[in-house]
Protein chains: 2
Amino acid sequence: MSSVEPLKARRLYLLLRDRIVSGEERPQSRLPSEPTLAEQHGVSRVTVRRALDKLANEGLIERRPGSGTFVNGSKANFPVTADFSNLLSHLVEMGRRTEVKLLSFGYVPPTPVLAEALRLEAGERVQRSVRLRVIDGQPFSYLVTHVPERIGVSYSEADLASKPLLELLERSGLVAERASQTIGATLAGPDIAEALGLEIGAALLALTRVVYAPSGQGIEHLHAFYRPDRYSFQMDLVRTGAGNSRSWTPVERARKGDAKPRNEASARPESNPQMRRGDVPRRTKA
Amino acid sequence: MSSVEPLKARRLYLLLRDRIVSGEERPQSRLPSEPTLAEQHGVSRVTVRRALDKLANEGLIERRPGSGTFVNGSKANFPVTADFSNLLSHLVEMGRRTEVKLLSFGYVPPTPVLAEALRLEAGERVQRSVRLRVIDGQPFSYLVTHVPERIGVSYSEADLASKPLLELLERSGLVAERASQTIGATLAGPDIAEALGLEIGAALLALTRVVYAPSGQGIEHLHAFYRPDRYSFQMDLVRTGAGNSRSWTPVERARKGDAKPRNEASARPESNPQMRRGDVPRRTKA
DNA sequence: TCTTTCTGTTCTATATCAGATACAGAAACC
DNA sequence: GGTTTCTGTATCTGATATAGAACAGAAAGA
């Protein structure tokens, strides 16, 4: 059944983990001995042991009997990263095999929040789909999507399992013009945890996105959860403007392969949406 | 000391929480009764009760004796949001009182990762500071900063507690030209949890940022942790380009107030933040 | 009003976890 | 080789979460 999760052990595990990843405990160095740790933190050695077990499982430490417990050099964990400028598209470019599993599909009445975000008419239902994105055989994101019913019927259930939703929408003649998204964090519940191969209560990167058509009508509402060890958001910024109005502007990230100069943000053909404070083209929502 | 955290109760809590925030259980609707939930999930009613207690603490549900347990319309607390274009600067503009507490300060030898990120010379040390950002009296971010020693000495410890680090750096004649950042998620360890007023093991939004001078030299390495219920990243994107090269471009977000007015009065008299997903049990004795 | 169905509360077994101790094997140092 | 200091392993005891049940009070419907 659900492997039980100790309590003080977890506490100590998190403490040590923080110390290690924050660099307080340096790579190659030896941790205090188990008896020492036990005394330092007022717990028994068994508990210390459980915490160290977890760290060892994740490859953060290495235990050498008779010698001690040693901090591992950063466990070279390069998660897939997403750049904001192109959202998921670069995954395909990178030639990595990503597949999608459709976990759930159906039409439901919208919640108030959904109805408002998508600007639904009264009584209109939404298509709800839950998908799991897998890269190189390993799941990394759990996607809950809501689409207005009249739009959702333009593609089939099978389409959803094979193509990106945005592509399907645009194929249907819809134009995704604007999107608004929020990035946060949350804990993994049982189903998400299982789908992503995580423990219950693991940390998740959460993204909420609403995509709008030029009309201002919402066409997609996405609730995405990412395994932070396999996926993260990454971006480069440059300082622009002068004086008091200096600010940071995102630039397209240099990726491996198609070398883009790291310093010079030259590449950026036409689209330099350098906007100043006031002039945000806010077409929607007066 | 450490208030113990049940296990099955937590599991059920997370399950129900997901259902509620994902909209599977609609606002105003009644949850299955406690005995029913107990049977459905193969746990005792005491356990169900503990899970519901937690949900009730966070304001996600409302319990009416004799009547049932009801899903609360998401009280959608509006977390402070950050736009990428201006990082933290808008907080000040918004006129909200933010203060900084310096938790730790000192000079330490860098870890290999740090040395490489900041392109340090051999033997060069770094200034390490831990700060806590507070808004309206409530902490929302925990910042661990590393700066090369030769740069760090250009400002005082007291400066750090009063001014943004970037401002200090630029005051010293340094130019922050480029930055590279990664956004992920992690769990709260004991010290971060305590500083931010969270439970151990709560979800955190994690940001790693390296700021570079025009020379390519790194001048600041930041490791930031945010309470997801009080702080999140938000951005608007527009679809640019044509044909195959279509992509999303970030635009500066419309500000004023916080999030854009959702229903009505954007004026949210700050008040006590109701919790949202990401759980945030404020330690209040019931 | 009577009945039913809820939540709120208390109680006592039981399963599971944490604390303490003892001992075996492995490595490092003298 | 002997000694010390580690990790690995096992066992016992106390603490606590969970299970199960019983009962009181509140709300809703017949």
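Order of the sequence lines fixes the chain letters, A, B, ..., with proteins taken first and strands second; residue numbering starts at 1 for each chain.
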Fill in the blank from the handout: Rounding to 0.5 Å, atoms CD (B:Glu39) and OG (B:Ser33) come to a distance of 9.5 Å
Exercise for the section: Let me know the distance between CZ of B:Arg11 and P of D:dA17, rounded to the nearest Å. Expected result: 19 Å
Practice task
Find the distance B:Leu7:CG to D:dA17:C1' and express it as a whole number of Å.
Solution key: 9 Å
Exercise for the section: Among D:dT7, C:dT7, C:dC6, find the nucleotide with the atom closest to the side chain of B:Arg30. Expected result: C:dC6
Practice task
Nearest-nucleotide wise, let me know which of A:Val43 and A:Arg64 is further upstream toward the 5' end of DNA chain C.
Solution key: A:Val43
Problem - Short side-chain N/O contact to C:dA18 OP1/OP2 from A:Arg50, under 4.0 Å - result: yes
Handout entry: A:Glu194, CD: over 12 other non-hydrogen atoms inside 6.0 angstrom
Key = no
Exercise for the section: Examine C:dG19: is either OP1 or OP2 under 4.0 Å from a nitrogen or oxygen in the side chain of A:Lys8? Give yes or no. Expected result: yes
Practice task
Return yes when atom CD of A:Gln40 has more than 12 non-hydrogen atoms of other residues, nucleotides or ligands closer than 6.0 Å, and no otherwise.
Solution key: yes
Problem - Side-chain N,O (B:Arg63) to OP1/OP2 (C:dG8) below 4.0 Å - result: yes
Exercise for the section: Report yes or no: does B:Ser29 contribute a side-chain atom to a donor-acceptor pair with the main-chain N or O of B:Glu25 at less than 3.5 Å? Expected result: no
Fill in the blank from the handout: Taken to the nearest whole Å, CG/B:Leu31 to P/C:dT5 is 19 Å
Handout entry: Spacing between A:Glu34 atom CD and C:dA26 atom C1', to the nearest angstrom
Key = 13 Å
Problem - A:Gly42 vs A:Ser67, nearer the 5' end of DNA chain C by closest nucleotide - result: A:Gly42
Completion exercise
Per atom distances to the A:Ser44 side chain, the nearest of D:dT7, C:dA20, C:dG8 is C:dA20
Practice task
Measure the distance from CD on A:Gln40 to P on C:dG19 and round it to the nearest whole Å.
Solution key: 16 Å
Exercise for the section: For B:Glu39 and D:dG20, give me the distance from atom CD to atom C1', rounded to whole Å. Expected result: 14 Å
Problem - Between C:dG19 (P) and A:Leu12 (CG): distance, integer Å - result: 10 Å
Practice task
Could you check how far CG of A:Asp53 sits from C1' of D:dT9, rounded to whole Å?
Solution key: 12 Å
Handout entry: Flag, side chain of A:Arg11 to backbone of B:Pro190, donor-acceptor distance under 3.5 Å
Key = no
Problem - Side chain of B:Thr47 (C-beta onward), nearest among C:dT7, D:dA27, D:dA19 - result: D:dA19
Practice task
Using a heavy-atom cut-off of under 4.0 Å over every strand shown, decide if B:Arg49 touches base, sugar-phosphate, or nothing.
Solution key: base
Exercise for the section: Return no unless some side-chain N or O of B:Thr69 is found under 4.0 Å from OP1 or OP2 of C:dT7. Expected result: yes
Exercise for the section: Answer yes or no: side-chain N or O of B:Arg45 and base N or O of C:dG8 forming a donor-acceptor pair under 3.5 Å. Expected result: yes
